[in-house]
Amino acid sequence: PEVSRIRNFCIIAHIDHGKSTLADRLLEMTHTLDRTQMDSAQVLDDMDLERERGITIKSHAVQMKYCSVAGDDYTLNLIDTPGHVDFSYEVSRSLAACEGALLVVDATQGVEAQTIANLYLAIEAGLEIIPVINKIDLPSSDVEGVASQIIDLIGIEREEILQVSAKAGLGVPELMEAIIARVPSPADNGHLPLRALIFDSVFDAYRGAVVYLRIVDGVLRKGDKVRFFANNKVFLADEIGTMSMKRQPKQVLEAGDVGYLICSIKDVKDAKVGDTVTHADAPADKRLAGYKDVKPMVFSGLYPVNSNEFEDLRESLEKLSLNDASLVYTPETSVALGFGFRCGFLGLLHMEIIQERLEREYNMNIITTVPNVEYRVLMTNGETVIVDNPSKMPDTARITNVEEPYVSMQIITLADYIGNIMKLGMERRGEYRNTDYLDTKRVCMHFEFPLSEIVFDFHDRLKSISKGYASMDYEYIGYRESELVKLDVLLNGEPVDALSIIVHRSKAYDWGRKLCGKLKGIIPKQMYEVAIQAAIGSRIISRETISAMRKNVLAKCYGGDISRKRKLIEKQKEGKKRMKQVGRVEVPQEAFLAILNID
Ligand code: GTP
């Protein structure tokens, strides 16, 4: 299509404000899809897991044809963006592939943390922003209140804010016209050497990586030899095309187009989000701006419950990582848990998704250790060591200092909850920066936190202390020195490496005491007494004792009926599934995660 008739845009919104519902309406209005093809659930989220969580995890793009009221034909490319902070780099690349963004705000909720975080990303990417107030059909909607929040936020005129009900289809035709009138057409750069931005890639078992890209400059033809900037590898463009609900093969993609490329890439790590594709023979001299190698932020050990399933676990991780360039794993051994893998994730949600997929899709029975961040340790000999496993923390005597990752966080809430949130901030070693008033009642609070303090239940705590009226978002800002120590747990005098954690010195005693108490409740009685101790270096700081089991449980139903006895044995077996033998002590899976429930 002619460049002036192309509109590339995305929808940004806080979770549940109606992004997917609105996308469905647009697809329906442009007959990209009819109602019969849509079940009750949204069309753009196609993984089961995504649907269950209600979060769009992977971005996709859809092409729509639209004939305007004035009678002109347009090609609209809607690029879907993931909604969670774990995937914010992918969001930023999806935005970079667009010229405009619909900023959707729920009329009953108002501006939330992700509204603002996504808005900033969109402004940074230089996008034209079209604010859209959604759910105006609901009786509890406060359109004027929300409109004034938006005006304060982006300094726009009231008339420029659209009002829709994505559910009822109200205001959607007007929105379509606003998109073609207000989103700029792509730059006419067809004459330049090829540069295409990769904003997503997925793995197809038959075709290899399917690369989603936006042609920024030049022309890409089927059969061209293409080169990827990140690794300089050259591939043949076997198939190119655009996406409506299915892939539509094409001969050419030109500047301004959004489409896909298939070129026999065996590993998605060769087609990284943010990379630039050019021609192998007449390459562009510079890649597009904004490329970043995404680094995992959260680490955890994954071990098979059954040690002979180690190879199965390796295979499953291999398959998963084919599809997920940001999942990293290396084999490791634990004295307590045997052979397993240290895995790196973008964040806690990413970690949960991988664990769930391993269990559901690959039928793996795994034990996971408490997630931790990555520490930078400056040694007395001048070396810097990266520690992604607490049990590998060097001896204090050899350490000059330890640094940990920090994030800057914004929390949007009602003024009534400022006090509670300040308190939570202090508990989590937060450094308070300032508070902005969004209107008379709503505020945006800024903090800086060690990442390790928010990877656990921070979000849940925030929700509960604000009765649900708080939303948060954060970004990584770099490493800072902290007073950190390693806390070890010993069972009958033996350190259990998989239970070691790294904590701030000021919290070590408290955590040691609570952790021992918690473990006492989780580890079942054994045939002999079990001592649970917490230690910093060689110093024991806390102790609990589990007394020995008195009688054989089965003895209780001696002479009783046999079916009851069998049930009891079954039950014990069931319980054993997730037990690990650590020295002489049987330790259930929950023990390895006990820390997560301590506050
Ligand atoms: P995530 O994918 O989790 O980010 O959510 P989303 O922003 O895509 O929101 P989604 O479209 O899933 O909508 C969230 C809920 O709001 C769903 O239950 C929708 O049915 C409902 N909803 C969306 N738009 C409207 C609307 O205009 N009116 C009403 N009443 N409900 C709506």
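From a predicted model like this one, the values you see are computed outputs, not experimental measurements. Because only heavy atoms are used, hydrogens play no part in the values below, and waters and symmetry mates are left out as well, while side chains stay in. When a ligand or atom number is given, it counts from 1 through the structure's own listing order. Throughout, numbering of the chain's residues begins at 1 and tracks the sequence.
Using a distance-only test at 3.5 Å, with no hydrogens or angles considered, no donor-acceptor pair links the side chain of Ser165 to the main chain of Asp137. At distances below 3.5 Å, not a single donor-acceptor pair connects side-chain atoms of Asn77 with backbone N or O atoms of Ala61.
Counting heavy atoms only, Asn134 comes closest to atom 24 (N) of ligand 1 of the residues Thr81, Val164, Asn134.
Shown in contact with Asp16 at under 4.0 Å from a heavy atom are these atoms of ligand 1, numbered in order with element: 1 (P), 3 (O), 4 (O), 5 (O), 6 (P), 7 (O), 9 (O), 14 (C), 16 (O). Near Asp137, meaning under 4.0 Å from any of its heavy atoms, are these atoms of ligand 1: 26 (C), 27 (O), 28 (N), 29 (C), 30 (N). Residue Ser20 has at least one heavy-atom neighbour below 4.0 Å for each of these atoms of ligand 1: 2 (O), 6 (P), 8 (O), 11 (O).
If you look at Leu138 next to ligand 1, the close heavy atoms, those under 4.0 Å, all belong to the side chain. Under 4.0 Å from ligand 1, heavy atoms of Lys135 appear from its side chain as well as its backbone. Within the 4.0 Å heavy-atom criterion, both parts of Ser165, backbone and side chain, lie near ligand 1. Of all the heavy atoms of Ile136, none lies under 4.0 Å from any atom of ligand 1, so neither backbone nor side chain is involved. With a 4.0 Å cut-off on non-hydrogen atoms, Thr21 touches ligand 1 through its backbone as well as its side chain.
Under the 4.0 Å criterion applied to side-chain N and carboxylate O atoms, Asp416 and Lys467 are not assigned as salt-bridge partners. Salt bridge status for Glu28 with Arg25: present, with a side-chain N to carboxylate O gap under 4.0 Å.
Remark: Asn420 pairs with no residue by the side-chain hydrogen bond (donor to acceptor under 3.5 Å, both in side chains) rule, at least two apart or across chains.
For the side-chain contact (heavy atoms from CB on, under 4.5 Å) test with Ile130, the passing option among Ile156, Val183, Leu103 is Val183; the others fail.
Ring geometry for Phe449 against Phe458 counts as perpendicular: the plane angle is over 60°, on a 0 to 90° scale with 30° as the lower cut.
Of the polar atoms of Ala168, none of the N or O atoms is found under 3.5 Å from an N or O of ligand 1, judged by distance alone. Taking distance alone, with nitrogen or oxygen atoms compared against 3.5 Å, Leu22 stays at or beyond that limit from ligand 1.
A ring-centre distance under 6.0 Å is not found for Tyr212 and Tyr260.
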